[in-house]
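Structure first, commentary second.
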2 protein chains.
Amino acid sequence: MGPVSEPSVPLARLFAIGYRSLVDGLHEELPRRGWPDVRPAFGFVLLALRDSPASLRDLPGMLGTSKQAVSKLVEAMVAAGYVERDADPDDARAKRVQLSDRGRQLLAAVEEVYAELERNWAAALGEERLQALRADLVSVLSATSGGRLPAVRAVG
Amino acid sequence: MGPVSEPSVPLARLFAIGYRSLVDGLHEELPRRGWPDVRPAFGFVLLALRDSPASLRDLPGMLGTSKQAVSKLVEAMVAAGYVERDADPDDARAKRVQLSDRGRQLLAAVEEVYAELERNWAAALGEERLQALRADLVSVLSATSGGRLPAVRAVG
DNA sequence: ACAGAACGTCAAGCAGGTTGACGGATGCGC
DNA sequence: GCGCATCCGTCAACCTGCTTGACGTTCTGT
């Protein structure tokens, strides 16, 4: 191998391309399916609330952003009808956040579109290698971040 | 092994995590090496100008953004001394953009840091699987975008 | 020569993020 | 109990990156 013969494409660039490809594909398809007002940032909140409601204070850690950014994002999603935000009965300072019915339907649509996009990838790459790619990504991202999949953005 | 019954982690999320991990790592390290004023968006321009100068009109296609966004970004990089922008002798409307010496030194530093970060990944995953991951990404991203690696926009 | 296209910039605005500061609620030491 | 540090969420101001629309200048095809 020559020292500077053919530099490989930086992984960061490949990740940026892959991310944009999938997210753009998603947000091209959602309006066609009757979801015209979904902003890109909504997706991470949908995922975070997928399995259970959360207190607003938990979301910054899950999303990797500040509590102020989360507050504004949740406000927008409440206004759009995708999440519900009500008082925590045990702590008058805190508020609970959970998906609304509409939010849950949106989440299902998002997962369906992602599944279709990934099927295209499987068709181009092969199902086996696609799953290996996913597994390796999970493995290396967990390993370099203390054994668990980290937040999308490192918490400042 | 992860439970097969659970839905797999969306690739988009893995890409977002991986991208942030690498870019954050880069921008933590650069100030320590004497590059305190590098904004995240600069990297894509450095890469685009790596092999040859370009006309400003070519950059939107290479970066995947509008010409106005490119204009402002290049202006900031000129002010920071990383690129030079001068008149095209053959077309008084156009301007040529190229890396300055300082910009070329920065590019070398960026590639060195990325190489170190990817070595950490290779240590966690194995050199062989890391290269397979890169090759598969290039393959699938090219295949789903007409045979060539598509443009990229900075994420977040 | 001139209409139209192309190059780059200016201006206004949005989305998403940051830091700093703050009022209300909590809970722990005493 | 009480007092005070701490926590929860919001408001405010600001920054980066990107968008669309409009525009002056320059080139090009007919």
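Proteins get letters first, then strands, A, B, ... in listed order; numbering begins at 1 in each.
The shortest distance between side-chain heavy atoms of B/Asp37 and B/Tyr82 falls below 4.5 Å. The side-chain heavy atoms of B/Ser139 and A/Leu125, taken from C-beta on, include a pair separated by under 4.5 Å. Looking at heavy atoms from C-beta onward, B/Leu49 lies out of side-chain contact with B/Leu107 at the 4.5 angstrom threshold. Looking only at side-chain heavy atoms (C-beta outward), A/Phe42 and A/Leu73 come within less than 4.5 Å of each other.
Residue-level contact check: A/Asp88 touches neither bases nor backbone, having no heavy atom under 4.0 Å from any strand. Base engagement by B/Ala69 is indicated by at least one non-hydrogen atom pair under 4.0 Å involving a base atom.
One interatomic measurement links the two molecules: CG of B/Asp86 to P of C/dG8, which rounds to 12 Å at whole-angstrom precision. In this structure, A/Leu63 places its CG atom 13 Å from C1' of C/dG17, rounding to the nearest Å. As a whole-Å value, the separation of A/Lys67 NZ from C/dG16 C1' is 18 Å. The distance between atom CG of A/Leu59 and atom P of C/dG17, rounded to the nearest whole Å, is 12 Å. Rounded to a whole Å, the CD atom of A/Glu75 is 13 Å from the P atom of C/dA15. Across the protein-nucleic acid pair, A/Leu73 atom CG and C/dT18 atom P stand 12 Å apart, rounded to whole Å.
On a pure distance criterion of 3.5 Å, a polar donor-acceptor pair joins the side chain of A/Lys72 and the base of C/dG17. Evaluation of atom-type donor-acceptor distances gives no pair under 3.5 Å for the side chain of B/Lys95 against the base of C/dG8. Side-chain atoms of A/Gln68 come within donor-acceptor range of the base of C/dG20, with a qualifying N/O pair under 3.5 Å.
With distances taken from any side-chain atom of A/Leu56 to the nucleotides D/dC27, D/dG9, C/dT9, the minimum falls on D/dG9. Which of D/dC7, C/dC7, D/dT10 sits closest to the side chain of A/Arg93 comes down to D/dC7.
Residue B/Arg96 places none of its side-chain N or O atoms closer than 4.0 Å to OP1 or OP2 of C/dG8. At D/dC8, none of the side-chain N or O atoms of A/Ser71 fall inside 4.0 Å of OP1 or OP2 (strictly under the cut-off). The side chain of A/Arg57 places an N or O atom within less than 4.0 Å of a non-bridging phosphate oxygen (OP1 or OP2) of D/dC8. At D/dT19, one or more side-chain N or O atoms of B/Ser66 fall inside 4.0 Å of OP1 or OP2 (strictly under the cut-off).
For the contact set between residues 27-47 of chain A and DNA chain D, defined by any heavy atom under 4.0 Å, there are no members.
Using a 4.0 Å cut-off between a side-chain N of Lys or Arg and a carboxylate O of Asp or Glu, B/Asp136 and A/Arg129 qualify as a salt bridge.
Of the N and O atoms on the side chains of A/Arg102 and A/Ser100, not one donor lies less than 3.5 Å from an acceptor on the other residue.
The side-chain contact (heavy atoms from CB on, under 4.5 Å) with B/Leu99 is formed by just one residue from the set B/Gln105, B/Glu84, B/Arg104; it is B/Arg104. Applying side-chain contact (heavy atoms from CB on, under 4.5 Å) to A/Val113 and the options A/Arg33, A/Glu28, A/Arg32 leaves one that passes, A/Arg33.
Between B/Ala94 and A/Asp91, the one whose closest nucleotide on DNA chain C sits nearer the 5' end is B/Ala94.
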